[in-house]
Chemist: 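Starting off with a structure, shown below.
Side chains included, hydrogens not; waters and symmetry mates left out as well; all remaining heavy atoms used.
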Amino acid sequence: MNFTIDEELRKRLAGIRELGRTQIRPLGIEADRAGKPVDPDHPFYRLLLKLGLGRTRWLGGEDPTHDPARRRTPASQHESGGVVDRRPAGPSLTGVVLSEELAYWDRGVAVSFPGPGLGEPPVLSMGTPEQKERFLARFREPDRPRWGSFAMTEPGAGSDVAAIRTTCKRDGDHWILDGDKSFAANASRADWIVVWATADASQGRAGHRAFVVERDTPGLGDFKIEKKMGLKAYESTSFTLRHCRVPASSLLGGDEQSVNAEGSRGAKRAGFKGAMQSFNATRPMIGAMAVGIGRAALDEAAAFAREHDLGGDSRVRDRLERTRRKLRVARLLCWRAAWLADQQQPNMVEASMAKAHAPAAALDAAVLGMELLGEVGARGDHLIEKLFRDVKAMDIVEGTGQIQRIVIARQLVGLPRE
Ligand SMILES: Cc1cc2nc3c(=O)[nH]c(=O)nc-3n(C[C@H](O)[C@H](O)[C@H](O)COP(=O)(O)OP(=O)(O)OC[C@H]3O[C@@H](n4cnc5c(N)ncnc54)[C@H](O)[C@@H]3O)c2cc1C
């Protein structure tokens with residue numbers, strides 16, 4: 001494994017640190033106090049575009065983001081005879097390193113950043129070349145802040161994605177989508193939303209299909225921003241699809257995925273597999289973001305311990321040390337899962353391990369902070385209290401801790417990987 005942070009990545013991290021201190025954290029605190037997401041027209045988003053952020057990872061043409069061999073120079077032979085791998089971090093590892101730093105400053109603001117967001121992995125992994133061009137090209141040099149979104153969850157289907165009830169029915173050269181979606185990040189401001197639907201609920205996951213639904217599609221509407229306990233700087237939005245006609249060309253993967261309820265098993269599990277591939281890409285990133293929040297909480301706890309001369313208490317020192325160690329372990333799990341993705345190696349179990357461990361470690365850090373700060377933390381105007389509210393969602397999004405443990409355990413007892 002090579003976790004080298006090269007000079008270029010170091011510079012990008014330093015840039016985020018500066019942006020974090022001057023813009024991201026203050027904006028996150030402001031949104032938290034106001035109890036609403038940062039406005040899509042906020043000048044901060046235009047600043048991000050100027051800084052080269054808010055863009056797609058897709059470089060155009062075939063899929064170089066998924067082909068490390070085409071992006072990376074080979075490892076070199078060291079004088080001592082060993083092979084030294086000094087290649088720069090691949091896109092997944094770079095993504096987790098930067099995500100951790102962004103979340104350190106404010107995870108809510110980080111998720112509100114323009115860009116294709118969680119909608120990008122399914123378009124990359126399942127989209128045809130034509131679909132990548134159609135949906136991602138606009139994010140290469142965006143003329144204005146643009147967002148993408150991802151909508152799997154429904155009021156009656158969270159962990160059990162097989163339970164989704166949004167239906168898709170073929171109608172000539174269109175599909176008709178009907179259903180309710182909830183908690184989709186940035187959905188009301190998005191150019192398009194990747195919507196998961198079922199062609200046949202009786203087939204469970206095998207009936208799933210994913211569509212890219214453009215913003216102005218008739219039948220897409222009723223956007224409502226949900227109330228959240230934390231991470232208030234970005235919107236989590238519910239919406240409805242009512243007889244929503246989507247062109248057949250917007251079915252991710254193209255027409256070979258279009259087999260309907262009566263059709264062959266040719267398309268079986270294509271939609272579900274696509275969702276799982278997306279999660280393998282995004283779970284290490286969510287884990288890394290949890291590490292970022294945890295680090296921020298640990299910094300608050302340690303600063304308080306220093307200011308109040310608590311360092312003489314071995315119980316305090318012990319808890320600070322243990323928390324730091326857990327966060328380091330969590331970071332390594334995230335980096336390993338991302339490194340495997342960059343090597344095009346299976347990483348389902350590692351991605352779940354990262355996602356199962358990191359939010360728990362980060363929650364420990366926030367709990368430690370709350371306990372050390374005591375009354376100061378409980379008053380509700382200290383950063384530690386906001387971090388405590390922000391961190392819980394990290395265990396929930398992209399599959400809860402319990403679900404990750406199921407994924408890991410299935411492999412241990414020899415059950416199929418799904
Ligand atoms: C801040 C936030 C942002 C989100 N963003 C998005 C988004 O952008 N797009 C999107 O599609 N969704 C999003 N979600 C939804 C998220 O993916 C779901 O909340 C999550 O999958 C859990 O589903 P649920 O809330 O319905 O809980 P449930 O599935 O109802 O689970 C309730 C509890 O039961 C446990 N449980 C469930 N099944 C089992 C089992 N088999 N064994 C053991 N325990 C089990 C769960 O772990 C959980 O503790 C977001 C959620 C939050 C909180």
Chemist: Would you check if the side chain of His357 reaches a backbone N or O of Met353 as a donor-acceptor pair within less than 3.5 Å?
Modeler: no
Chemist: Does the side chain of Arg405 come within less than 4.5 Å of Gln402's, by heavy atoms?
Modeler: yes
Chemist: Under 4.0 Å between a side-chain nitrogen and a carboxylate oxygen: does that hold for Arg144 and Asp191?
Modeler: yes
Chemist: Any side-chain heavy atom of Leu27 within less than 4.5 Å of one from Val38?
Modeler: yes
Chemist: Does the Asp342 side chain pair with the main chain of Ser92, one donor and one acceptor, at a distance under 3.5 Å?
Modeler: yes
Chemist: Kindly indicate, with the supporting measurements, whether the criterion side chain to side chain contact (heavy atoms under 4.5 Å, CB included) is fulfilled by Glu214 and Phe135.
Modeler: CA-CA 9 Å; Glu214 297 263 14; Phe135 301 119; 3.4 Å; yes
Chemist: Would you indicate whether the side-chain heavy atoms of Pro116 and Val123 approach each other to under 4.5 Å?
Modeler: no
Chemist: Scan side-chain atoms only and decide if Arg134 and Ser250 contain a donor-acceptor pair under the 3.5 Å cut-off.
Modeler: yes
Chemist: Distance-only, no hydrogens or angles: does the Glu235 side chain make a donor-acceptor pair with backbone N or O of Ser188 under 3.5 Å?
Modeler: yes
Chemist: Glu385 side chain to Arg379 main-chain N or O, any donor-acceptor pair under 3.5 Å?
Modeler: no
Chemist: Do side-chain atoms of Gln404 reach the backbone of Gly399 as a donor and acceptor pair under 3.5 angstrom?
Modeler: yes
Chemist: Can you find a pair of side-chain heavy atoms, one from Ile164 and one from Thr166, that are under 4.5 Å apart?
Modeler: no
Chemist: Check Lys228, Arg389, Arg25, Lys386 against Asp32 for a salt bridge (Lys or Arg N to Asp or Glu O under 4.0 Å) and give me the one that passes.
Modeler: Arg389
Chemist: Can a donor-acceptor pair be found, under 3.5 Å and without considering hydrogens, that links the side chain of Trp58 to the backbone of Lys132?
Modeler: no
Chemist: Donor-acceptor pair, distance only, cut-off 3.5 Å: does the side chain of Ser352 make one with the backbone of Val349?
Modeler: no
Chemist: Does a donor on one side chain sit under 3.5 Å from an acceptor on the other, for Glu226 and Ser182?
Modeler: no
Chemist: Can you check whether Val111's main-chain N or O pairs, donor with acceptor, with Asn186's side chain at less than 3.5 Å?
Modeler: yes
Chemist: Identify the two heavy atoms, one from Gly287 and one from Ala358, that lie closest to each other, and give their separation to 0.1 Å.
Modeler: O-CB, 3.3 Å
Chemist: Roughly how far, to the nearest 0.5 Å, is CG of Leu53 from CG of Leu47?
Modeler: 8.5 Å
Chemist: Carefully, step by step, assess Arg295 and Asp299 under the rule salt bridge (charged side-chain N to carboxylate O under 4.0 Å, His left out).
Modeler: CA-CA 6 Å; Arg295 257 178 56 212; Asp299 279 0; 5.6 Å; no
Chemist: Could you give me the CA-CA distance, side-chain angles and deciding distance for Ile225 and Phe223, then say whether side chain to side chain contact (heavy atoms under 4.5 Å, CB included) is met?
Modeler: CA-CA 7 Å; Ile225 295 177; Phe223 291 101; over 6 Å; no
Chemist: Rounded to the nearest 0.5 Å, what separates atom CD in Glu133 from atom CD in Glu130?
Modeler: 8.5 Å
Chemist: Is the NZ or CZ atom of Arg146 positioned over Tyr45's six-membered ring, under 6.0 angstrom from the centre and within 45° of the axis?
Modeler: no
Chemist: What residue among Arg17, Arg107, Arg12 forms salt bridge (Lys or Arg N to Asp or Glu O under 4.0 Å) with Glu101?
Modeler: Arg17
Chemist: Would you mind reporting whether Glu371 and Arg319 have side-chain heavy atoms less than 4.5 Å apart?
Modeler: yes
Chemist: Rounded to the nearest 0.5 Å, what separation is found between the CG atom of Asp106 and the CG atom of Leu231?
Modeler: 7.5 Å
Chemist: So how far is it from Phe211 CZ to Ser249 OG, rounded to the nearest 0.5 Å?
Modeler: 11.0 Å
Chemist: Identify the two heavy atoms, one from Val316 and one from Leu310, that lie closest to each other, and give their separation to 0.1 Å.
Modeler: CB-O, 3.8 Å
Chemist: Would the distance check show the side chain of Arg245 and the main-chain N or O of His243 forming a donor-acceptor pair, the cut-off being under 3.5 Å?
Modeler: no
Chemist: What closest approach, in Å, do Arg46 and Asp143 show between heavy atoms, and which atom pair accounts for it?
Modeler: NH1-O, 3.7 Å
Chemist: So, Glu350 side chain and Pro284 main chain: donor-acceptor pair closer than 3.5 Å or not?
Modeler: no
Chemist: What's the spacing between Leu368 CG and Phe388 CZ if we round to 0.5 Å?
Modeler: 11.5 Å
Chemist: Do the side chains of Leu19 and Leu48 get nearer than 4.5 Å, heavy atoms only?
Modeler: yes
Chemist: Using 30° and 60° as the class limits, which term best fits the ring planes of Phe3 and Trp335: parallel, tilted or perpendicular?
Modeler: perpendicular
Chemist: Which atoms form the tightest heavy-atom contact between Met126 and Ala210, and what is the distance?
Modeler: CE-CB, 4.2 Å
Chemist: Would you check, one step at a time, whether the test salt bridge (charged side-chain N to carboxylate O under 4.0 Å, His left out) holds for Glu18 with Arg21?
Modeler: CA-CA 5 Å; Glu18 183 56 16; Arg21 194 179 56 77; 3.0 Å; yes
Chemist: Which pair of non-hydrogen atoms, one from Arg242 and one from Gly179, has the smallest distance, and what is that distance?
Modeler: NH1-O, 3.2 Å
Chemist: If I take atom OH from residue Tyr104 and atom CD1 from residue Ile293, how far apart are they, to the nearest 0.5 angstrom?
Modeler: 12.5 Å
Chemist: Would you check, one step at a time, whether the test side chain to side chain contact (heavy atoms under 4.5 Å, CB included) holds for Val194 with Met152?
Modeler: CA-CA 8 Å; Val194 174; Met152 171 78 86; over 6 Å; no
Chemist: Shortest non-hydrogen contact from Leu136 to Glu120?
Modeler: CD2-CG, 4.2 Å
Chemist: If only side-chain N and O atoms count, and only distance matters, is there a donor-acceptor pair under 3.5 Å linking Asp6 with Thr4?
Modeler: no
Chemist: Contact between Phe44 and Ile24 at the side-chain level, heavy atoms closer than 4.5 Å - yes or no?
Modeler: yes
Chemist: Does any non-hydrogen side-chain atom of Asp318 lie less than 4.5 Å from one of Arg322?
Modeler: yes
Chemist: Near Glu375 CD, under 6.0 Å, is it more than 12 heavy atoms from other residues, nucleotides or ligands?
Modeler: no
Chemist: Please determine whether side chain to side chain contact (heavy atoms under 4.5 Å, CB included) holds for the pair Val161 and Trp196, giving the CA-CA distance in whole Å, both sets of side-chain angles, and the decisive distance to 0.1 Å.
Modeler: CA-CA 9 Å; Val161 291; Trp196 299 83; over 6 Å; no
